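Atoms within each ligand, like the ligands themselves, are counted from 1 in listed order. One-based numbering along the sequence shown. As the structure is a computational prediction, the values presented were derived from the model and not from experiment.
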Amino acid sequence: MSFAQPGILEPRPDCSRYLFFALRPEAATQTLRARLERLADGDRLVVGLGSSLVEHLGGTIEPLRPFPAQSHRGIDIPSTPFALWCWLRGEDRGELLHRGRMIERQLNEDLSLELAIEGFRFGPGLDLTGDGEDLENPEGEEAVLAAITHLPERLAGSSFVAVQQWQHDLDSFDALSDRAPEAPDEPAAPRAPAPKQEDFAPERLMLRRSQPWIEGRRAGLVFIAFGQSLDAFEARLRCLIGLEDHLPASLFRYSRPLSGSYYWCPPLHQGRLDLSALDP
Ligand code: HEM
């Protein structure tokens, strides 16, 4: 029996380190597959395979696809695919750095580390604007229903994740908040008047596990949403950018996505990543 990677359903950790890898041209298949299977370590690491890696390993994972780049009303949503995403979870930045270096070393023959982002918990789980990103997030059984695939059986225990690095312009956010009382027709809330989570059936829900990031003077949110498929995320993104007859969310007045990618998070079987869904 295979189970979902536990870190997906756990609360957000104090510290996160997100590693994004690309396939090397000469990458192997069988040894790489065996190395990936051994990466799993319980709840301190969540692993996601991108389309290119799934294809390289000879498999087809139906709901996985490349992240769709989009452009609408001056808003650019970039697609920046990677072969592998590792989400290291813990309490200590130094420990995460060293654990990440070990993973990098284990995979180095076949995969090159292209990007590393450090995330962290701000207060009880806030975005850097001070808003509670955890609001209206499914919990308990509902979180499992939202994030974990049950059917088809070969994918049971899998999850599909959308990852976007957003960069905030916090001065613009402050200016918006200051201006709001004199300009009531300019929405100060970060959302457009779009459907809410509860308007969707469970398979249309998503489990958000976003965390803030800081690098020098730059800062923002690593938006992370797990789903039974990627459809819920895509539907919400269309609402957010105004493709469903709504205005783009006022979020875009102070933040923009720098990246966007999708991954398949395979289940665990006897302490190893279960990649059997790649078999014909
Ligand atoms: C910088 C990026 C983002 C920030 C700062 C942000 C912030 C927030 C905050 C503060 C909430 C909770 C309160 C509220 O409903 O207003 C929220 C809820 C939510 N967000 Fe975001 N968000 C971001 C991006 C996204 C993206 C890219 C998606 C999906 C495509 C998304 C989907 C949702 C959903 C589904 C909810 C639950 C409430 C609802 O159904 O409206 N968010 N977000």
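Within ligand 1, counting atoms from 1 as listed, the ones closer than 4.0 Å to a heavy atom of L237 are 30 (C). In summary, the atoms of ligand 1 found under 4.0 Å from a heavy atom of D127, numbered by their order in the structure, are 5 (C). Short contacts between ligand 1 and H168, defined as distances under 4.0 Å to a heavy atom of the residue, involve ligand atoms 1 (C). For ligand 1, the atoms lying closer than 4.0 Å to a non-hydrogen atom of D131 are 10 (C). If you number the atoms of ligand 1 from 1 as listed, the ones under 4.0 Å from a heavy atom of W166 come out as 1 (C), 2 (C), 27 (C). The distance from ligand 1 to the heavy atoms of S255 drops below 4.0 Å at these ligand atoms: 1 (C).
Assignment of G132 to the shell around ligand 1 is supported, since a heavy atom sits closer than 4.0 Å.
By the side chain to side chain contact (heavy atoms under 4.5 Å, CB included) test, E91 pairs with D14, sequence neighbours left out.
The shortest N or O to N or O distance between R236 and ligand 1 is under 3.5 Å.
Expressed to the nearest 0.5 Å, how far CG of L258 lies from CG of D76 amounts to 11.5 Å.
By the criterion of a heavy-atom distance under 4.0 Å, the side chain of L240, and not its backbone, is placed next to ligand 1. Neither the backbone nor the side chain of N137 comes within 4.0 Å of ligand 1, counting heavy atoms alone.
Of the N and O atoms on the side chains of Y254 and Q167, not one donor lies less than 3.5 Å from an acceptor on the other residue. The closest side-chain donor-acceptor pair between W87 and S16 falls under 3.5 angstrom.
The ring of W213 has its center no closer than 6.0 angstrom to the ring center of F223.
The two residues F20 and I117 come nearest to each other via the heavy atoms CE1-CD1, 3.7 Å.
Counting heavy-atom neighbours within 6.0 Å of R93 CZ, excluding the residue itself, gives a total of 12 or less.
Counting heavy atoms only, R208 comes closest to atom 18 (C) of ligand 1 of the residues E136, R208, Q167, Q164.
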Run the side-chain donor-acceptor check on residues 39-53: report pairs under 3.5 Å with partners two or more places apart or on a different chain.
from: D41; atom 1: OD1; to: L45; atom 2: N; distance (Å): 3.1
from: R44; atom 1: NH1; to: E95; atom 2: OE2; distance (Å): 3.3

